[in-house]
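Reviewing the structure listed below.
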Number of protein chains: 2
Amino acid sequence: MSKSPSTRSRASGRVTLSDVAARAGVAPMTASRAINQPDLVSSLLRQRVEQAVQELGYVPNRAARALASAQSNVIVVLVPSLSNTVFTAVLQGIQDALDDDNYQLLIGNTRYSDAEEEKLLNVYMQSNPDGILLSGLTHSPRVQQMLETSRVPVVSMMDLSSDPDLLCVGFSQVEAGQAMTRYLIGKGKKRIGFIGAQLDERTLRRAEGYRKAMADAGLADSRLEIMVPDPSTIALGAELLGRMLAQVPDCDAIFCCNDDLAHGAIYQCQRRGIEVPGQLAICGFNDLPASAWMKPALTTVGTPRYKIGFEAATMLRAAIRGERPAQAHLDLGFTLMARESA
Amino acid sequence: MSKSPSTRSRASGRVTLSDVAARAGVAPMTASRAINQPDLVSSLLRQRVEQAVQELGYVPNRAARALASAQSNVIVVLVPSLSNTVFTAVLQGIQDALDDDNYQLLIGNTRYSDAEEEKLLNVYMQSNPDGILLSGLTHSPRVQQMLETSRVPVVSMMDLSSDPDLLCVGFSQVEAGQAMTRYLIGKGKKRIGFIGAQLDERTLRRAEGYRKAMADAGLADSRLEIMVPDPSTIALGAELLGRMLAQVPDCDAIFCCNDDLAHGAIYQCQRRGIEVPGQLAICGFNDLPASAWMKPALTTVGTPRYKIGFEAATMLRAAIRGERPAQAHLDLGFTLMARESA
DNA sequence: CTGAAAGCGCTTACAG
DNA sequence: CTGAAAGCGCTTACAG
């Protein structure tokens with residue numbers, strides 16, 4: 001195995017490429033090639049190396065490889081939440097797109113905090129990533145600076161940027177918010193409330209779309225908006241429904257910024273004996289699995305989250321190879337799912 | 001900055017510790033200490049180094065550090081799913097427990113597959129992890145062998161092992177399945193069906209508990225069990241409810257191996273006009289957020305998933321430091337949540 | 001408290 | 001197709 005450790009040895013005791021080479025009777029360089037570029041090695045030596053790898057149980061040291069090659073094969077992914085299935089679907093898409101590429105995913109959970117994002121990126125930059133996938137378009141100045149000076153390829157997920165130089169994959173959150181609001185207006189609703197939580201970028205954009213549509217229809221009224229920074233949960237949806245009805249008793253529809261809130265609002269209506277959509281229409285955003293099944297089935301906006309992850313990772317991979325994507329902004333659209341609740 | 005690259009230079013162009021040292025007028029070793037063990041450096045030199053770090057925007061190279069120190073500061077976490085909130089809660093607990101420890105989490109999604117787990121572990125072992133967190137107790141022989149030969153500390157999450165040498169944090173899935181079944185029996189139910197999907201380790205153990213309780217009560221009947229390998233979803237729960245009623249028309253209760261299935265079963269009952277729990281009692285497992293809110297509120301088993309992650313990471317951290325935990329098997333228990341549906 | 005030397009385990013860049 | 005030399009950017013292990 002390894003040379004017997006001298007007094008000053010710092011050897012880890014693990015099997016190294018040199019051990020494999022020695023056993024196979026070749027130079028380390030040849031062993032390296034036999035493993036990483038087998039076509040460049042004669043089949044005889046390749047077999048001897050492969051056998052030595054098996055016999056010794058050789059595991060390559062990724063740190064050494066990264067250091068020598070100046071290539072980490074690491075891709076950093078930053079998402080605001082791991083408990084929100086929207087982002088776990090995005091992650092699934094990313095993993096599927098990168099499946100056989102030997103990339104190592106460094107997944108960071110920013111918890112909807114710019115400061116946390118900055119902290120995570122700071123640490124992850126130490127791994128010298130080949131590429132970075134970010135959620136959303138707005139980031140702290142220091143994050144933007146880090147990204148610029150590092151010159152690492154970046155793809156932003158979820159929304160569409162107005163900056164033509166930025167690579168992004170998603171859909172227009174503003175238009176989606178607008179489309180849902182128009183749908184409610186088209187149903188004859190006049191007093192349409194908007195419930196927003198978390199107040200992340202996407203919620204703010206959806207609210208922007210809501211406001212546009214309401215203003216266009218001459219229905220705008222700031223009392224119809226309830227915006228709170230708390231995380232979106234079913235419990236919060238139930239609570240905010242109550243607050244909305246107290247504040248605007250003649251409210252005839254509520255647009256919840258996501259399905260969790262909408263579920264809570266509907267459950268609360270059931271408890272209070274409010275008929276949905278007869279007395280009050282309720283709709284959500286994202287089309288979670290339960291939405292199609294609950295009674296009444298939830299009217300909501302279907303979003304291509306899995307595909308966003310898949311396409312963003314695909315775009316990033318191309319960018320890492322130095323290719324320019326055909327379109328820097330990939331619009332994956334959204335789907336209004338008209339069901340029973342509105 | 002860096003020495004001007006000679007013809008044979010392989011320098012990455014990034015700012016290195018030597019650049020910082022040169023700027024601060026100290027040896028690289030002193031710069032290293034000023035950054036990593038500031039107490040060992042005089043305040044004058046420390047300040048000069050800190051300033052150089054700022055001015056140059058130095059980012060340490062983690063690969064170089066790992067190679068030189070034979071310490072990766074990487075912890076590998078393998079979970080069977082990222083879309084199941086049970087495991088995202090576990091991850092949250094892990095992250096919180098490891099927050100300021102400068103560990104880098106390598107999160108692998110095994111997708112409930114032993115083969116995938118093996119593949120992931122194979123790749124992640126290349127990062128020379130300091131410790132490993134695994135879900136479940138059963139793994140492929142090659143995984144077990146990899147873990148043994150690597151001598152890396154491992155903590156298993158979710159269930160309790162019978163092997164005293166194995167570190168684990170969780171609760172008895174068998175006992176939990178048994179407890180829920182006894183609860184239904186105590187409610188006077190005689191024809192209690194069991195619906196299991198995915199057929200992962202935990203589902204099989206819960207089924208084992210169900211069988212024990214049924215046998216103890218003299219109620220065992222293999223036709224009452226429906227086990228399918230498909231992933232647990234609301235849609236599947238709806239479908240399997242139908243299959244169960246077709247197969248066992250006089251069924252008076254159904255124990256679903258998790259809440260997703262139970263939600264689907266309840267929604268299906270609503271569609272079919274079956275009264276829950278009057279005509280048919282339904283219960284689940286895990287107590288997802290929606291379970292307390294839906295009508296009827298779901299009777300289920302509350303599980304300490306966040307705490308499992310937190311405690312497992314804490315135990316692993318101790319093991320990495322070479323400490324033996326007070327108890328190798330940490331039982332965090334479970335809670336029967338008796339609500340409306342059963 | 002500070003630093004010169006050597007080494008971690010690989011790959012690059014040559015040369016043959 | 002094969003290999004000897006040098007280097008990646010840090011830290012260990014000494015020595016002063």
Side-chain angles (χ1 to χ4, degrees), chain A residues 1-22 24-49 53 56 58-73 102 125-128, chain B residues 1-3 5-22 24-49 53 56 58-73 125-128:
Chain A
M1 315 275 287
S2 277
K3 299 155 198 161
S4 62
S6 75
T7 331
R8 296 189 59 134
S9 171
R10 290 164 51 192
S12 62
R14 292 180 52 176
V15 176
T16 70
L17 188 66
S18 295
D19 297 327
V20 170
V26 300
M29 198 51 243
T30 301
S32 171
R33 282 202 197 89
I35 293 168
N36 298 308
Q37 313 170 69
D39 293 347
L40 299 182
V41 177
S42 67
S43 66
L44 174 66
L45 294 192
R46 196 192 320 136
Q47 282 172 30
R48 293 218 314 250
V49 170
V53 165
L56 297 176
Y58 171 64
V59 177
N61 182 321
R62 200 176 179 106
R65 185 186 222 287
L67 183 57
S69 70
Q71 255 231 325
S72 64
N73 271 30
N102 197 29
M125 289 310 281
Q126 301 184 356
S127 296
N128 193 23
Chain B
M1 314 270 287
S2 277
K3 298 155 200 160
S6 75
T7 330
R8 298 190 55 136
S9 172
R10 291 165 52 193
S12 62
R14 291 180 50 177
V15 177
T16 71
L17 188 66
S18 295
D19 297 327
V20 171
V26 300
M29 197 51 242
T30 302
S32 171
R33 282 201 197 93
I35 293 169
N36 298 307
Q37 311 170 69
D39 293 347
L40 299 182
V41 177
S42 67
S43 66
L44 173 67
L45 295 191
R46 195 193 320 137
Q47 282 171 29
R48 293 218 317 249
V49 170
V53 165
L56 298 175
Y58 171 64
V59 177
N61 183 321
R62 202 178 177 104
R65 184 186 223 288
L67 183 58
S69 69
Q71 255 231 324
S72 64
N73 270 31
M125 289 309 281
Q126 300 184 358
S127 296
N128 192 23

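To find a chain, count down the sequence lines: A is the first, B the second, and so on, and within it residues start at 1.
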Decide whether B/Asn36 and B/Arg65 meet the rule of one side-chain donor and one side-chain acceptor closer than 3.5 Å.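 There is such a pair between these side chains.
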
Do A/Asn128 and B/Arg14 have side-chain N/O donor and acceptor atoms under 3.5 Å apart?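 Yes, side-chain donor-acceptor contact under 3.5 Å.
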
So, does A/Arg46 use its side chain to make a donor-acceptor pair with the main chain of A/Pro38 at under 3.5 Å?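 It does hold such a pair.
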
May I ask you to decide if A/Ala66's main-chain N or O and A/Ser72's side chain share a donor-acceptor pair within less than 3.5 Å?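 No; zero donor-acceptor contacts below 3.5 Å.
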
5'-most contact on DNA chain C: B/Met29 or A/Arg65, nearest heavy atom basis?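 It is B/Met29, whose closest nucleotide lies nearer the 5' terminus.
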
Determine the contact category for B/Ala27: base if any of its heavy atoms lies under 4.0 Å from a base atom, sugar-phosphate if only primed atoms, P, OP1 or OP2 are that close, otherwise nothing.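 Contact class for B/Ala27: sugar-phosphate only.
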
With a 4.0 Å cut-off on heavy atoms, is B/Ala64 in touch with a base, just the backbone sugar-phosphate, or nothing at all?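 B/Ala64: base contact, heavy atoms under 4.0 Å.
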
Can you check whether any acceptor in the base of D/dG9 is under 3.5 Å from a donor in the side chain of B/Arg62, or vice versa?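 When only heavy-atom distances are counted, B/Arg62 does not reach the base of D/dG9 through any donor-acceptor pair under 3.5 Å.
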
Of the candidate nucleotides C/dC8, C/dC10, D/dA13, which contains the atom at the shortest distance from the side chain of B/Arg33?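 Within the option list, the nearest is D/dA13.
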
Interatomic distance, A/Leu17 CG vs C/dT12 P [rounded to whole Å]: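 Between P of C/dT12 and CG of A/Leu17: 13 Å.
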
Hey, is the side chain of B/Ser32 poking within less than 4.0 Å of OP1 or OP2 on D/dC10, counting only N and O atoms?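 For D/dC10, neither OP1 nor OP2 has a side-chain N or O of B/Ser32 closer than 4.0 Å.
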
Tell which nucleotide pairs with C/dA13, taking only Watson-Crick or G-U wobble pairs whose two distances are both under 3.5 angstrom.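 Its partner: none found.
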
